[in-house]
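These figures come from a predicted structure and were not determined experimentally. Residue numbers begin at 1 in each chain, while the letters A, B, ... track the order of the sequences.
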Number of protein chains: 2
Amino acid sequence: MPLTANDPNRKTWLHVPENSDFPIQNIPFGVFLTRDDVITIGTRIGNTAIDLAALHQLGYFKGVPLTDDIFLQDTLNDFIDDGRKTWRLTRNRIAEIFDKENPSLQNNKEHRDIVLFDMDEIEMQLPVHIGDYTDFYSSKEHATNVGTMFRDPDKALLPNWLHIPVAYHGRSSSIVPSGTNIHRPMGQTMPAGAETPVFGPSRLVDFELEMAFIATDGNQLGEPIPIEKAEEHIFGLVLLNDWSARDIQKWEYVPLGPFLAKNFASSISPWIVTLDALEPFRVAGPQPIKEQLPYLQYEGEKSYDIHLEVAITPENSSPTTVCRSNFKYLYWNMAQQLAHHTVNGCLINSGDMMGSGTISGPTKDSYGSMLELTWRGENPIKMADGTERKFINDGDTVTMTGYCKNNEVRIGFGEVSNKLLPPFNKK
Amino acid sequence: MPLTANDPNRKTWLHVPENSDFPIQNIPFGVFLTRDDVITIGTRIGNTAIDLAALHQLGYFKGVPLTDDIFLQDTLNDFIDDGRKTWRLTRNRIAEIFDKENPSLQNNKEHRDIVLFDMDEIEMQLPVHIGDYTDFYSSKEHATNVGTMFRDPDKALLPNWLHIPVAYHGRSSSIVPSGTNIHRPMGQTMPAGAETPVFGPSRLVDFELEMAFIATDGNQLGEPIPIEKAEEHIFGLVLLNDWSARDIQKWEYVPLGPFLAKNFASSISPWIVTLDALEPFRVAGPQPIKEQLPYLQYEGEKSYDIHLEVAITPENSSPTTVCRSNFKYLYWNMAQQLAHHTVNGCLINSGDMMGSGTISGPTKDSYGSMLELTWRGENPIKMADGTERKFINDGDTVTMTGYCKNNEVRIGFGEVSNKLLPPFNKK
């Protein structure tokens with residue numbers, strides 16, 4: 001199945017602003033509410049949202065093996081379940097429909113009026129029903145920074161870290177799309193030197209710069225997915241802000257891991273960029289430092305060169321970029337993560353989400369959390385408006401962006417952007 | 001809303017064997033596949049399964065505010081979502097329909113033939129779609145035993161344990177009903193004294209005797225459920241075997257908690273026994289040892305006197321009871337668990353499941369896992385067939401049962417019973 005949708009020479013008849021994350025070579029998938037209050041599956045080119053259900057109903061997917069209602073749904077799970085061949089046929093067809101040389105929809109105003117929306121006419125939804133959310137811990141720099149701060153700087157990496165793509169289960173119910181406001185969580189903390197814990201608003205709310213992949217069905221309970229097959233079962237990627245309350249985390253996390261420090265909110269960008277669209281940006285990840293067990297050994301380039309940024313915008317102010325990182329820094333790649341996750345037979349369902357863990361790079365400005373950027377608050381960051389931040393303040397909006405770029409094309413993720421509100425107060 | 005379904009003097013026209021877990025005072029809820037290959041929601045009295053969808057269609061729930069298709073579903077989520085008032089009206093009505101004094105269904109053979117099934121004609125399914133599964137760690141005896149074995153016997157309980165109902169997120173996709181066979185997981189372990197980890201079948205597969213409650217919608221994202229309201233949002237309880245691979249767990253769990261050691265399988269009993277049915281068996285739990293923060297303070301009896309047993313049945317052999325415990329031993333109760341889970345605003349959806357954690361009691365025969373019963377394998381348990389067990393062998397069936405009993409009535413849970421097979425081998 002050739003990825004003709006990736007042809008860098010293709011031009012579209014839709015307007016695409018310069019430096020758009022969404023040229024015709026991207027064709028991500030998402031779910032949105034239209035101006036007619038209908039929820040549909042769609043894609044995006046430039047600033048135009050495209051209603052795929054309507055397009056399908058009008059016959060534009062003839063020959064692609066899709067059920068009639070595959071896009072008339074409020075999640076992408078069934079489409080993802082259809083498998084990689086179908087995703088590719090669909091993406092290729094969309095590229096053809098919007099190709100400058102193709103007059104069929106281009107010259108049909110009636111159809112265009114049904115199918116096309118301005119981005120500001122629609123409301124993006126969560127793209128998938130996430131049955132299970134797993135969060136990895138795959139950045140060596142992040143694990144080292146955290147280990148240095150909270151444990152022993154000389155043994156910052158725990159003994160298992162170079163052998164296992166360490167992960168834990170997250171909470172699905174609290175995953176929200178970009179744009180949803182998030183409340184500062186209340187919780188228990190143990191102040192330094194105190195005898196008993198106290199209850200109150202978390203004082204150390206943080207972001208975690210992550211990306212997450214959306215998986216498809218790939219096994220039955222008990223059956224592993226071998227590493228060579230893993231990428232077949234990865235649909236695409238989103239940006240993920242895994243909001244964290246550091247003071248709650250510190251007190252609660254022993255011995256079973258983080259819980260309330262994380263499950264008050266995780267936010268994702270609403271467009272799933274397919275692994276296929278990222279194909280031109282494959283790179284090798286870091287070389288293994290220790291030999292890995294055979295089930296984790298892989299061949300070829302398994303990482304992607306994705307530039308990542310985080311900006312903080314104080315209320316009524318302008319944004320300050322606080323972090324510049326890259327997906328390629330991750331020590332463990334997605335194929336290793338999925339192979340490890342299933343080596344014990346754990347069942348993966350279509351729509352399951354796997355976070356990368358905080359993506360910190362080698363330089364101090366590439367750390368993926370305020371905890372690391374300010375080194376536990378010791379080195380506050382200056383904002384454009386003159387204020388300082390150790391962690392996130394009420395009223396701040398945290399915005400993460402990501403894109404790949406070469407000489408021919410830019411494939412981006414849009415953004416995940418959410419505002420932190422004061423603790424919930426029932427009216 | 002009086003719980004007339006609990007009337008201990010009520011007799012039914014259905015046959016109920018002596019010592020049945022399912023007298024007319026129980027009326028649990030489950031989902032089953034009928035002999036006609038239809039999936040329906042049902043209840044059980046004695047050894048008779050009752051098709052509630054058919055009963056509803058025949059008009060027996062007139063006056064109870066239920067949508068037409070509420071029972072014609074493959075999960076109980078929507079019914080649970082309807083709230084406690086509806087659960088109570090439904091349970092009361094079912095009690096009336098099967099009351100010995102009520103001739104309507106009793107004397108209508110045509111209806112009886114549609115509605116009633118022998119238990120061996122049907123196949124029980126998972127009762128709910130579990131969006132998120134949380135596992136608590138609420139037995140002080142269990143936490144103390146584990147801390148003694150793996151950390152410091154003098155500081156067996158970690159500093160946070162008496163202040164926080166410690167919990168972590170589990171994996172929903174691997175939750176299976178009683179009767180599903182489970183494969184011994186493969187995985188990484190670090191043998192004592194070795195320099196590098198090895199890969200192979202887990203050698204230390206264990207059960208964990210737990211119970212789990214099924215919650216209903218009770219908040220919006222950001223909003224806590226106060227402890228006084230918590231029980232309103234608990235539908236009922238099941239038995240839970242949280243299968244564990246101790247050797248995988250030991251190597252992987254630092255610092256983010258157990259992952260592959262747990263997510264290969266968790267099994268539950270298929271009938272959800274309502275909190276209402278357990279009302280006569282309320283007892284006080286253990287007194288708090290340290291003062292708890294106000295959001296965890298409660299009034300009244302918040303635990304239940306539920307006898308629990310675990311038996312191991314080797315292949316082609318007879319069962320040996322290895323553990324006798326009780327739900328009432330748990331230090332943290334369900335109201336505290338739910339209040340804690342949501343104090344940071346974590347969203348609870350209808351059908352979410354919360355495990356109690358391993359329920360160990362004060363005596364050595366009441367420990368809820370082989371790890372504790374055999375004290376890491378140091379004291380193997382003798383089986384009825386003369387063999388010994390340190391952990392679970394391939395071919396062994398692990399069966400957990402639970403019931404409440406007073407002078408008037410016995411309310412039971414049936415069983416969760418699953419066989420351990422050798423590692424998965426693709427044909």
Practice task
Sort B:D352 into side chain, backbone, both or neither according to what part of it lies under 4.5 angstrom from a heavy atom of chain A.
Solution key: side chain
Problem - Closest non-hydrogen atom pair, A:H183 against B:G222 - result: CD2-CA, 4.3 Å
Exercise for the section: Would you mind checking which part of A:R184 comes under 4.5 Å of any heavy atom in chain B, side chain (CB onward), backbone (N, CA, C, O), both or neither? Expected result: neither
Practice task
Tell me, out of B:G170, B:G187, B:P258, who's got the most heavy-atom pairs with chain A below 4.5 Å.
Solution key: B:G170
Exercise for the section: Pick one of side chain, backbone, both or neither for A:I348, based on which atoms fall under 4.5 Å of a heavy atom in chain B. Expected result: both
Problem - Leading residue by heavy atom contact count with chain B [cutoff under 4.5 Å; candidates A:V146, A:I182, A:V343] - result: A:V343
Practice task
Could you label the plane-to-plane angle of the A:W251 and B:H163 rings as parallel, tilted or perpendicular, counting under 30° as parallel and over 60° as perpendicular?
Solution key: tilted
Practice task
First locate atom OG1 of B:T342, then atom CZ of A:F424, and finally report the distance between them rounded to the nearest 0.5 Å.
Solution key: 11.0 Å
Exercise for the section: Under 4.5 Å heavy-atom distance to chain A, tell me which part of B:E291 shows up: side chain, backbone, both or neither. Expected result: neither
Practice task
State, yes or no, whether a side-chain contact exists between A:E223 and B:N425 at a heavy-atom distance under 4.5 Å.
Solution key: no
Handout entry: chain A contact via B:L158 - which portion, at a heavy-atom distance below 4.5 Å
Key = side chain
Exercise for the section: Specify whether A:H169 and B:F259 have parallel, tilted or perpendicular ring planes, treating 30° as the upper limit for parallel and 60° as the lower limit for perpendicular. Expected result: tilted
Practice task
Select one option (side chain, backbone, both, neither) describing which atoms of A:L296 are under 4.5 Å from chain B's heavy atoms.
Solution key: side chain
Problem - B:Y168 side, atom OH; A:N263 side, atom CG - distance, nearest 0.5 Å - result: 14.5 Å
Exercise for the section: Examine whether an atom of A:L293 lies under 4.5 Å from a heavy atom of chain B, and if so say whether it belongs to the side chain, the backbone or both; otherwise answer neither. Expected result: side chain
Completion exercise
The interface call for B:L260 against chain A, heavy-atom contacts under 4.5 Å, is both
Completion exercise
One option among A:V176, A:I164, A:T180 has the most heavy-atom pairs under 4.5 Å with chain B, and it is A:I164
Exercise for the section: Check for a donor-acceptor pair, side chain of B:R171 on one end and backbone N or O of A:L347 on the other, with a separation under 3.5 Å. Expected result: yes
Practice task
Please determine, among B:G345, B:P197, B:P423, the option with the most heavy-atom pairs under 4.5 Å with chain A.
Solution key: B:P197
Fill in the blank from the handout: The reported gap from OG1 in A:T196 to NZ in B:K290 (rounded to nearest 0.5 angstrom) is 8.5 Å
Handout entry: Contacting region of B:P159 [heavy-atom separation from chain A under 4.5 Å]
Key = both
Completion exercise
When the 4.5 angstrom heavy-atom criterion is applied to B:V198 and chain A, the contacting part is backbone
Problem - Heavy-atom pair with the smallest gap, counting every atom of A:N160 and B:E252 - result: ND2-O, 3.5 Å
Handout entry: Gap between atom OG of A:S174 and atom CG of B:D132 - 0.5 Å precision
Key = 7.5 Å
Exercise for the section: With rounding to the nearest 0.5 Å, note down the distance linking OG in B:S173 to CG in A:L221. Expected result: 7.5 Å
Handout entry: A:Y295 side chain near B:M186 side chain, heavy-atom distance below 4.5 Å
Key = no
Completion exercise
Bottom line for B:I248: the part with an atom under 4.5 Å from chain A's heavy atoms is neither
Problem - Interchain contact, B:H341 with chain A, by part (heavy-atom threshold 4.5 Å) - result: both
Completion exercise
The interface call for A:H340 against chain B, heavy-atom contacts under 4.5 Å, is both
Problem - chain A contacts, top residue of B:G131, B:A167, B:P185 (heavy-atom pairs, under 4.5 Å) - result: B:A167
Exercise for the section: Would you mind checking which part of B:I175 comes under 4.5 Å of any heavy atom in chain A, side chain (CB onward), backbone (N, CA, C, O), both or neither? Expected result: neither
Exercise for the section: Report yes if some heavy atom in the side chain of A:P255 is under 4.5 Å from a heavy atom in the side chain of B:Y137; otherwise report no. Expected result: yes
Exercise for the section: Below 4.5 Å from any heavy atom of chain B, which atoms of A:T134 appear? Answer side chain, backbone, both or neither. Expected result: side chain
